[in-house]
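Worth saying up front: this structure is predicted, and the values here are computed from it rather than measured.
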Amino acid sequence: MNSKEFNLPFYLTGERAAAFKKSLKDFDLGSPVNYFQGKEDEGFLQGDTIKSGIYYNFELDKKYASESIILSNSCDISDDNPRDRSTFVTYAPLVPLKAFEKTLIDQNVGQSEIESKINDIKSQRTTQFFYLPASGTSPERIALLDQVESTPISVLKNRKTVVIDRLSQIGWYLFLFKLTFHFARTHENVERAV
């Protein structure tokens with residue numbers, strides 16, 4: 001990913017724009033970037049990691065994920081936007097990177113291939129996973145973007161769902177890039193009828 005190819009979000013000014021540019025450059029150079037910020041706001045935002053209860057599937061072996069990441073747009077799930085019908089929130093399970101690595105070991109994948117896969121995941125080069133570094137009490141995790149689910153947002157509120165982490169500007173930007181690439185590639189190389 002080359003930061004020179006991207007436009008800065010129009011609402012960033014001054015120091016925030018400069019810090020964002022630096023974060024993109026650091027990511028380009030392979031330097032660590034700060035994926036997370038504090039959780040000063042109430043409610044849910046796109047990219048929030050939350051306590052949840054959904055199942056994921058590693059090779060048809062269903063397992064439980066205690067955390068998820070919200071894929072829905074922040075505006076679409078905001079309390080400030082009243083609607084005539086129930087609002088659903090879409091999210092993907094988050095699993096520890098070590099659990100994924102153990103699955104590869106259990107499937108007898110070679111060590112060098114495992115290392116290559118893990119490196120690609122951490123560099124955000126694997127389309128169906130979004131990598132999140134360790135934060136606070138959470139280990140390194142991956143979002144399984146090919147195993148998404150939806151539920152009424154009222155269910156999350158009734159369960160008093162807790163936001164674990166909130167993405168920083170650079171974390172959210174990388175998340176948007178990954179969502180776009182996973183769900184909406186314009187260069188799919190499929191010729192369609194006109």
Side-chain angles (χ1 to χ4, degrees), residues 1 6 8-12 16 19-20 23-24 26-27 32-57 63-83 85-100 121-124 126-184:
M1 180 186 310
F6 295 98
L8 290 177
F10 69 91
Y11 50 84
L12 291 181
R16 287 186 180 242
F20 182 61
S23 294
L24 278 177
D26 288 346
F27 185 81
V33 296
N34 182 14
Y35 274 71
F36 306 106
Q37 68 171 38
K39 299 174 288 198
E40 61 274 355
D41 297 329
E42 294 295 319
F44 299 110
L45 296 179
Q46 184 179 55
D48 281 354
T49 64
I50 57 172
K51 285 286 184 191
S52 65
I54 66 172
Y55 288 87
Y56 65 94
N57 183 340
K63 299 180 184 185
Y64 180 76
S66 63
E67 298 178 12
S68 299
I69 188 166
I70 294 176
L71 277 63
S72 296
N73 185 284
S74 301
C75 293
D76 291 343
I77 57 175
S78 170
D79 286 337
D80 296 335
N81 294 327
R83 291 174 182 78
R85 65 184 245 346
S86 249
T87 300
F88 277 65
V89 59
T90 303
Y91 49 95
L94 279 174
V95 297
L97 185 60
K98 287 286 184 195
F100 176 72
I121 288 169
K122 288 183 174 185
S123 301
Q124 303 292 7
T126 306
T127 61
Q128 73 266 35
F129 302 128
F130 179 65
Y131 168 76
L132 289 168
S135 85
T137 58
S138 297
E140 293 176 291
R141 297 157 290 170
I142 54 174
L144 308 178
L145 299 179
D146 57 353
Q147 296 188 44
V148 302
E149 293 197 17
S150 293
T151 194
I153 196 159
S154 58
V155 171
L156 296 186
K157 290 177 182 173
N158 291 341
R159 289 183 187 163
K160 297 187 178 4
T161 302
V162 176
V163 174
I164 302 164
D165 291 309
R166 177 153 288 165
L167 292 178
S168 66
Q169 189 71 51
I170 183 67
W172 179 68
Y173 201 69
L174 294 172
F175 186 55
L176 288 184
F177 180 79
K178 184 58 72 80
L179 289 179
T180 302
F181 196 77
H182 180 69
F183 288 109

Interatomic distance, OG1@Thr126 vs CZ@Phe181, rounded to 0.5 Å, equals 10.5 Å
For the student: nearest non-hydrogen atoms of His182 and Leu145, plus distance: NE2-O, 3.4 Å
Taking all non-hydrogen atoms of both residues into account, name the closest pair between Pro93 and Ser68 and its distance. CA-OG, 4.0 Å
Criterion side chain to side chain contact (heavy atoms under 4.5 Å, CB included) on Phe130 and Leu174, from CA distance to verdict: CA-CA 9 Å; Phe130 179 65; Leu174 294 172; 4.2 Å; yes
pair Pro139-Lys98: side-chain heavy atoms closer than 4.5 Å: no
Side chain proximity check, Ser168 to Phe36, heavy atoms < 4.5 angstrom: no
What distance separates Arg141 CZ from Ile164 CD1, expressed to the nearest 0.5 Å? 6.5 Å
Tyr91 side chain reached by Thr151 side chain, heavy atoms, under 4.5 Å: yes
Report the distance from atom OG1 of Thr87 to atom CG of Asp76, rounding to the nearest 0.5 Å. 8.0 Å
Closest approach of Leu179 to Gln46 (non-hydrogen atoms, all atoms of both residues): CD1-NE2, 4.1 Å
Quick one: does any side-chain atom of Lys157 pair with a main-chain N or O of Gly43 as donor and acceptor, under 3.5 Å? no
For the CZ atom of Phe129 and the NZ atom of Lys122, what is their distance to the nearest 0.5 Å? 14.5 Å
Give the ring-plane orientation class for Tyr35 versus Tyr131, where under 30° counts as parallel, over 60° as perpendicular and anything between as tilted. perpendicular
Which heavy-atom pair separates Cys75 from Asn81 by the least distance, and what is that distance? O-ND2, 2.6 Å
Hey, what do you get for CZ (Phe44) to CD1 (Ile70), rounding to the nearest 0.5 Å? 5.5 Å
Interatomic distance, Thr161 atom OG1 to Asp48 atom CG [nearest 0.5 angstrom]: 11.0 Å
Phe175 pairs by side chain to side chain contact (heavy atoms under 4.5 Å, CB included) with which of Leu132, Thr180, Ile69? Ile69
Asp146 meets the salt bridge (Lys or Arg N to Asp or Glu O under 4.0 Å) criterion, sequence neighbours left out, with none
Quick one: closest heavy-atom pair of Pro82 and Asp80, and the distance? CD-O, 3.2 Å
Can you see which heavy atom on Leu45 is nearest to which on Arg166, and at what distance? CD1-NE, 3.5 Å
Here the ring-ring contact (aromatic ring centres under 6.0 Å, His included) pairs for residues 138-163, sequence neighbours left out, are none
